[in-house]
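Take a look at the structure set out below.
Just so you know, ligand 1 is whichever comes first in the structure, and atom 1 is the first atom listed for that ligand.
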Amino acid sequence: MPTIKFAVLPGDYIGPEVMAEALRVLEHVARQEGLVLEARPADVGGAGIDNHGKALPDSTLRLCERSDAILFGSVGGPKWEKLPPKEQPERAALLPLRKHFTLFANIRPGLLYKELKAASPIKDERIADGIDIVCIRELTGGLYFGKPKETTTLADGDLQAVDTMVYRKSEIERITRTAVETARSRKRRLCSIDKANILETSVLWRRTVSEYVARHAPDVELSHMYVDNAAMQLVRSPNQFDVFVTENMFGDILSDEMAVICGSLGMLSSASIGTGKNSLGLPFGLYEPAGGTAPDIAGKGVANPCAQVLSTALMLRYSFGLEKAAARIEAAVRKAVTGGARTADIAFGGAAVGTRGMADAIIAAL
Ligand code: NAD
């Protein structure tokens with residue numbers, strides 16, 4: 001079995017705390033499954049600024065380039081808030097990584113075990129069995145990157161700002177392919193979300209998704225929904241979706257809405273898949289928790305490591321092709337949490353374990 005190498009970028013505040021526990025879980029699975037994994041740590045974010053003078057040190061980027069995937073913690077926090085916006089950890093580390101590796105597909109499972117329903121602001125009867133959906137957001141196109149993007153002074157002295165929403169057919173096709181693959185690993189139901197009644201890019205989006213699915217994935221049941229309706233439907237009845245796919249800005253907003261209805265950020269993982277292939281011939285990707293560095297609880301040993309642990313499961317699945325090991329980790333997290341091991345964010349005032357205790361429970365479940 002060849003050695004699988006991955007970059008470990010823990011980042012700041014709770015980043016290193018939850019990363020250490022995720023690696024412990026991963027080492028345990030690797031031993032059980034006979035996998036040879038090499039974790040290669042490097043600084044990023046505030047740690048990059050403090051130790052190397054920039055949020056994404058060159059040595060870190062080179063390490064990522066020589067690896068099969070990136071396991072990312074989260075970056076930023078009050079310590080670096082006074083820096084100019086361009087040098088802030090998130091903007092100066094995460095965005096360049098997305099760009100450098102063309103991480104075009106952001107896959108975000110929206111998972112809420114029914115035992116944790118109380119963490120969701122949605123009424124009980126609407127999520128009787130919890131929530132289990134997946135958001136796929138296009139990450140490198142659309143309004144956030146389109147040019148022109150500028151503010152100009154008009155002849156009459158007024159100020160005018162322009163952002164440009166632009167999509168190529170090929171960009172829509174590649175995100176549709178990712179969405180189809182994800183739908184096929186689940187219930188084969190895909191909802192494409194757009195604003196095709198108003199936006200030209202959405203008209204192309206809808207046509208391209210429809211053509212792609214008709215030609216390459218007739219086994220997948222495809223539906224379309226306008227984004228304003230989707231925002232409503234997500235809180236009204238989240239499980240009517242199984243997998244949904246959408247463009248960058250719509251996905252930015254809908255994925256945050258999804259995170260809220262799923263309760264704690266401490267449980268939500270994410271994968272950002274790139275265009276490049278790794279040494280295994282599989283997609284290179286960056287895997288990270290959905291939440292941030294949680295400075296309010298950092299250093300106390302109470303952060304929930306589940307999101308980071310579940311992110312490692314996504315890395316095993318998408319970048320290493322190790323479905324069995326990925327599914328075992330996911331099942332172990334579910335078993336540990338539903339069996340009663342809860343960090344404070346999901347304990348609802350009841351007895352809570354710490355970061356390490358949560359990882360111990362996951363390892364025990366494995
Ligand atoms: P946050 O996600 O860090 O925290 C929001 C709330 O969720 C806090 O109450 C926090 O304690 C809680 N929370 C988050 N993760 C948790 C976990 N694993 N276990 C238990 N509770 C958890 O958002 P914020 O406070 O707005 O941001 C803090 C810093 O993180 C900022 O500097 C922000 O820029 C950065 N950030 C980084 C990323 C990233 O690196 N991808 C993403 C979002 C925010």
Side-chain angles (χ1 to χ4, degrees), residues 7-22 25 43-50 55-56 60 70-99 103 106-108 111 116 119-121 137 139 251-253 255-256 258-272 285-312 314 333 336-337 341-349 352-359 361-362:
V8 173
L9 315 185
D12 310 314
Y13 291 95
I14 66 160
E17 298 174 33
V18 292
M19 185 66 87
E21 298 310 320
V25 172
D43 288 329
V44 75
I49 295 171
D50 289 354
L56 182 59
T60 299
I70 303 170
L71 188 60
F72 196 89
S74 35
V75 295
K79 190 172 174 201
W80 305 281
E81 252 164 30
K82 298 232 159 61
L83 289 173
K86 270 194 183 151
E87 292 170 30
Q88 296 268 333
E90 253 186 292
R91 185 151 163 203
L94 209 44
L95 295 190
L97 277 173
R98 281 184 190 157
K99 200 164 168 200
L103 302 173
N106 185 222
I107 304 175
R108 282 231 219 165
L111 187 62
L116 297 185
S120 174
R137 165 188 171 194
L139 206 55
D252 191 3
I253 298 167
S255 61
D256 270 18
M258 188 181 77
V260 169
I261 65 173
C262 286
S264 175
L265 279 172
M267 294 300 296
L268 297 178
S269 56
S270 89
S272 297
L286 180 148
Y287 301 85
E288 60 173 332
T293 57
D296 53 334
I297 55 166
K300 297 181 181 156
V302 298
N304 187 345
C306 289
Q308 190 77 62
V309 172
L310 292 168
S311 301
T312 66
L314 294 178
V333 172
V337 172
R342 308 275 171 85
T343 40
D345 57 315
I346 50 171
F348 316 120
V353 296
T355 311
R356 193 172 174 86
M358 189 71 231
I362 298 168

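- Atom 18 (N) of ligand 1 is approached by the protein to below 4.0 angstrom, counting heavy atoms only.
- Of the protein's non-hydrogen atoms, Val75 O, 3.1 Å is the one closest to atom 37 (C) of ligand 1.
- Within a 4.0 Å radius of atom 32 (O) of ligand 1, the protein contributes at least one heavy atom.
- Listed by number with element, the atoms of ligand 1 under 4.0 angstrom from any heavy atom of Gly291 are 2 (O), 42 (C).
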With side-chain contact (heavy atoms from CB on, under 4.5 Å) as the test, would you mind laying out the steps for Arg98 and Leu139 before giving the verdict? CA-CA 8 Å; Arg98 281 184 190 157; Leu139 206 55; 3.8 Å; yes
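- The shortest heavy-atom contact between Pro305 and Thr355 is CG-O, 3.5 Å.
- Protein heavy atoms are absent from the 4.0 Å sphere centred on atom 26 (O) of ligand 1.
- Counting protein heavy atoms only, atom 13 (N) of ligand 1 is closest to Ala294 CB, 4.0 Å.
- Residue-level proximity to ligand 1 for Leu94 is carried by the side chain, the only part with a heavy atom below 4.0 angstrom.
- Proximity to Gly292 (heavy-atom distance under 4.0 Å) selects the following atoms of ligand 1: 1 (P), 2 (O), 3 (O), 30 (O), 36 (N), 37 (C), 38 (C), 42 (C), 43 (C), 44 (C).
- For the pair Val8/Phe72, no side-chain contact is recorded, criterion being any heavy-atom separation below 4.5 Å from C-beta on.
- There is a side-chain donor-acceptor pair under 3.5 Å between Asn106 and Ser272.
- Close approach of ligand 1 to Glu288 is summarised as follows: ligand atoms under 4.0 Å from at least one heavy atom of the residue are 41 (N).
- Between the side chain of Lys82 and the backbone N or O of Pro78 there is no donor-acceptor pair closer than 3.5 Å.
- Residue nearest to atom 16 (C) of ligand 1, selected from Gly11, Gly266, Gly73, Pro295: Gly266 (by heavy-atom distance).
- Summary of contacts: the protein heavy atom closest to atom 8 (C) of ligand 1 is Asp296 OD2, 3.5 Å.
- Under a 3.5 Å cut-off, the side chain of Ser311 and the backbone N or O of Tyr287 do not form any donor-acceptor pair.
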Mind running side-chain contact (heavy atoms from CB on, under 4.5 Å) on Leu111 and Cys262 for me, showing each step along the way? CA-CA 6 Å; Leu111 187 62; Cys262 286; 5.9 Å; no
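- Contact atoms of ligand 1 toward Ile297: 11 (O), 20 (C), 21 (N) (distance under 4.0 Å to a heavy atom of the residue).
- Heavy atoms of Asp345 found under 4.0 angstrom from ligand 1 belong exclusively to the side chain.
- Shown in contact with Ser74 at under 4.0 Å from a heavy atom are these atoms of ligand 1, numbered in order with element: 39 (C), 40 (O).
- Taking the side chain as every heavy atom from C-beta outward, Arg108 and Asp256 approach each other to under 4.5 Å.
- The backbone N or O of Gly76 sits nowhere less than 3.5 Å from a side-chain atom of Gln88 that would complete a donor-acceptor pair.
- With a 4.0 Å heavy-atom cut-off, ligand 1 is reached by the backbone of Thr293 and by its side chain too.
- At a heavy-atom distance under 4.0 Å, no atom of Thr343 approaches ligand 1.
- Remark: minimum distance from atom 6 (C) of ligand 1 to any protein heavy atom is reached at Leu265 CD1, 4.4 Å.
- Residue-ligand proximity, Gly77 to ligand 1, at heavy-atom distances under 4.0 Å covers atoms 32 (O).
- Counting heavy atoms only, Glu90 comes closest to atom 36 (N) of ligand 1 of the residues Gln308, Glu17, Glu90, Arg91.
- For the residue pair Asp12/Trp80, the side-chain donor-acceptor check at 3.5 Å is not satisfied.
- Expressed to the nearest 0.5 Å, how far CG of Asp345 lies from CE of Met358 amounts to 9.5 Å.
- No side-chain donor-acceptor contact under 3.5 Å links Thr343 to the backbone of Val353.
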